[in-house]
Number of protein chains: 4
Amino acid sequence: MSRHHISQFTVEWGDCDPAQIVFYPNFFRWMDAASLRFFRAAGVPPWREFESVSGILGTPLVDASARFLRPASYGDVLDVDTAIDEWRGKSFVMSHIIRRGGTRGARVCPTASGRSCAHPGSRPAGKCPQLVRMSGYSSAPRK
Amino acid sequence: MSRHHISQFTVEWGDCDPAQIVFYPNFFRWMDAASLRFFRAAGVPPWREFESVSGILGTPLVDASARFLRPASYGDVLDVDTAIDEWRGKSFVMSHIIRRGGTRGARVCPTASGRSCAHPGSRPAGKCPQLVRMSGYSSAPRK
Amino acid sequence: MSRHHISQFTVEWGDCDPAQIVFYPNFFRWMDAASLRFFRAAGVPPWREFESVSGILGTPLVDASARFLRPASYGDVLDVDTAIDEWRGKSFVMSHIIRRGGTRGARVCPTASGRSCAHPGSRPAGKCPQLVRMSGYSSAPRK
Amino acid sequence: MSRHHISQFTVEWGDCDPAQIVFYPNFFRWMDAASLRFFRAAGVPPWREFESVSGILGTPLVDASARFLRPASYGDVLDVDTAIDEWRGKSFVMSHIIRRGGTRGARVCPTASGRSCAHPGSRPAGKCPQLVRMSGYSSAPRK
């Protein structure tokens, strides 16, 4: 089973737009933060340290998609449940489920995912396995 | 042919992350701004005015997806080319192509799209046609 | 003694700029969030509810200032210590001290303050005392 | 006379909060962008190039302050008028005036300023004059 990690974020006043709901690019901001916390929880050091041993400073997104089922507003606490769905040779797919009001709460984003490049720029292809190993990925899908 | 509109944005220092490239949620921020400019260019009044006649204050996103082909960094000028791809009964799909360095420039986001709800909340279903009519939508695809 | 409240925020990758430190407008973002948490901790309901009884939807800033002593970067946990320094007839002054690494940690922002209008728009002047009473303000300075 | 530069920004939907006005940290975001445009207009190359000759990658803020006189909302076009008010040995003070509706328009921020460090980190003190010379600074105040 793939490791997964839950990160918590509070929706702030300034995250909401004149319609009083979350301005949706902020959901991607929280997913990005959740990705980093996933790696940190898995034992990957901060990018600034990881860079010196691996040449990797962040993992640029190749594509992203999300579905928004319910709005969220300031004061809401969001749980972002993050897992790695797939490792490919040079990239990996992360998925996120965003809930409001606890881990059994209503799904705000029932599904979101992003594929990231594990070898940005001209970095050598052999570095990805570090992220793979550390993140405890296995090929069995999460329930 | 569907109307389309090009909006221009400059990537700022603060839009970039420690890897010196655009922090990707900002691309969705620019797409959202481009959507509003598309409607404004089509003759739709600002949401605050449109609300009083239609009950619509913004069009909440139902889903979003984007592919990122090339990075962009501060100082880059981005052209976001926006069109409406499809009108459905209660929602519509907008697509964006983001280029760097002019309308014939390199594609940063070769494809991005979002489906928005045209009837947020409990607003009556008959209001969508206003947006349709004003945006000059026709069923022929854009080239 | 005036009530004070400590809010905690984690600096995310996307909060940092190409120099790898916090893009400074984000400090004001956290101060704004800390202001709202201060009021919530004092018993003031969310603005959306408070509006219906008081006509007040947020308290627009009149001026703001901050000093930045040390940088912060992604992964840092910031404590924002917020208090109300002064109530005037139609506005109030809030101050914030931002530390890194716990309540006895190094000061990132040794001093920051903002004066807010408690009567935005044409709202009646008698509504401010609600915020005053609820926030437990007294004229004695904090240590 | 000190050189000054006017940068233009459009307030977007996502820059506004549930009270339908600009979420104020965004004003600092625009001031930061205006600072960089000021330097670019003065002939300073992008930071990524300037760094290689000067060791300077951005000029971290030491303090910032602003007064907010009028609100702005989405659709407003803001003119940010930027000048250098003072050069000190290791820092400089920039000031901004933000107007709405053209260079003779109403002042949204009648006064804002920030002092920045021209020698971040352990960079040598002799590099600042480059920024001074290029920015065309003279000790006479702007009108």
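Letters A, B, ... mirror the listed sequences (proteins, then strands); counts begin at 1.
- Under a 3.5 Å cut-off, the side chain of C:Ser91 and the backbone N or O of C:Arg88 do not form any donor-acceptor pair.
- Here A:Arg37 is the residue among A:Arg37, A:Arg40, A:Gln20, A:Arg29 with the most heavy-atom pairs under 4.5 Å with chain C.
- Interface residue A:Arg48: backbone and side-chain heavy atoms are both found under 4.5 Å from chain C.
- A donor-acceptor pair shorter than 3.5 Å can be found between the side chains of A:His4 and A:Asp81.
- Counted by atom type alone, C:His96 and C:Thr82 present one or more donor-acceptor pairs between their side chains at under 3.5 Å.
- Both the backbone and the side chain of A:Tyr74 come within less than 4.5 Å of a heavy atom of chain C.
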From CA spacing to verdict: ring-ring contact (aromatic ring centres under 6.0 Å, His included), C:Phe23, C:Phe68: CA-CA 12 Å; C:Phe23 180 56; C:Phe68 305 102; over 10 Å; no
